[in-house]
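Structure record follows, encoded as structure tokens.
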Protein chains: 2
Amino acid sequence: MADPQARLAQMLAKLKARSFRITPQRLAVLQILAASRAHPGVEDIYAEVKKTFPTTSLATIYKTVALLKEINEVLEIRFFDSSRFDGNKPYPHPHILCLHCGAVLDPELPGVEALVAEAAARSGFQIVDHRLNFFGLCSDCQKT
Amino acid sequence: MADPQARLAQMLAKLKARSFRITPQRLAVLQILAASRAHPGVEDIYAEVKKTFPTTSLATIYKTVALLKEINEVLEIRFFDSSRFDGNKPYPHPHILCLHCGAVLDPELPGVEALVAEAAARSGFQIVDHRLNFFGLCSDCQKT
DNA sequence: TATTAATAAATAATCATTATCTTTAAAAAT
DNA sequence: ATTTTTAAAGATAATGATTATTTATTAATA
């Protein structure tokens, strides 16, 4: 589930299955989310889409992203004052943000499942979602 | 570091050390944050403070909480559209939110340290902070 | 007690996000 | 293909949590 082609196909299938229309602007947003590994924010997507569709409105980006969130094809990650989006792995998983350059990575953390189970066991909660975010300096930014 | 008295004393000491004034409104906010285990939001604190100081402004709550955050005596936890605050353990630790009743607990998770270390090791980041939040239904709300 | 500097109160401004409203254009039917 | 229907796009106003500003109080020091 990391291949951009497969992700795009998956997103399109989900939209079609629920009879949402595939518009050029929507397709553009899907392509960006399926391909980008940078966890773009709304403004990033907006800037990118405008290259091909200059009249696109910011509201369209917000609405498309909200729709994709609805159908569980994108994961919203709230950092401080704005959100970033993960279209590659649209399910809860950890993220790590560089406070200096803003890069967001998906660390591979095998320990996560155990931690979620531990949280459920100790709290008595039925856990349905989680956000595991780490903050610091990436290896590049540590050098400067 | 869970005794309300001790927490209040600690907060007061920190404020005095940095020569911030101890005003009645500030003291009221500190007391609430030191004593409450409910992870109150700004509006909760506001409502509580107004019982003793009816003319208090919401801005005063925001400013006091921001000040306490500055001096690391309160932890801000951002849930969806607003923040809740933890004055008992003002350092990063996991939280679990009930999506039905809004309760927030601090689950005891010994696995956290290992996970942070794992994230640092695998990503190459120097990690300085984290937010580990779980969402679900508390044991009471599972019954209904 | 007077002075001064920080803080409180009141309220305006900000800004990400959402809602509204009109226009446009997908998709289905003819 | 053309028409019809209706969701979606575009433009812009509204919302709401938070922050900034401005004036009035009040705590701390001389």
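The chains referred to below are lettered A, B, ... by the order of the sequence lines, with proteins before strands, and numbering in each begins at 1.
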Check: Looking for any heavy atom pair under 4.0 Å, which part of the strands does A:Thr64 touch: base, sugar-phosphate only, or nothing?
Finding: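 Result for A:Thr64 = nothing.
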
Check: Checking all strands, does A:Thr56 fall into the base, sugar-phosphate, or nothing category for heavy-atom contacts under 4.0 angstrom?
Finding: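 Counting heavy atoms under 4.0 Å across all strands, the contact made by A:Thr56 is with sugar-phosphate only.
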
Note to self: Pick the closest DNA chain C nucleotide for A:Lys63 and for B:Leu58 by heavy atoms, then say which residue is nearer the 5' end.
What the structure shows: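 This one resolves to B:Leu58.
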
Notebook entry, point to check: Taking atom types as they are modelled, is there a donor-acceptor pair under 3.5 Å from the base of C:dT7 to the side chain of B:Arg26?
Noted result: no

Next item on the list: Kindly say whether, by distance alone, the side chain of A:Arg21 makes a donor-acceptor pair under 3.5 Å with the base of C:dA27?
Entry: no

Item checked: Plane angle bin for A:Phe135 and A:Phe79 - parallel if under 30°, tilted between 30 and 60°, otherwise perpendicular ->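 Rings of A:Phe79 and A:Phe135: perpendicular, over 60°.
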
Note to self: Can you classify the ring geometry of B:His95 versus B:His39 as parallel (below 30°), tilted (30 to 60°) or perpendicular (above 60°)?
What the structure shows: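 Ring orientation, 0 to 90° scale: perpendicular.
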
Item checked: Residue whose closest nucleotide on DNA chain D lies nearer the 5' end, B:Pro24 versus B:Ala66 -> B:Ala66

Next item on the list: Hey, which sits more toward the 5' end of DNA chain D by its nearest nucleotide, A:Phe53 or B:Ser82?
Entry: A:Phe53

Taking only side-chain nitrogens and oxygens of [X], does any of them come within less than 4.0 Å of OP1 or OP2 of [N]?
X: B:Thr23; N: C:dA8; result: yes
X: A:Tyr62; N: C:dT17; result: yes
X: A:Thr60; N: D:dA8; result: no

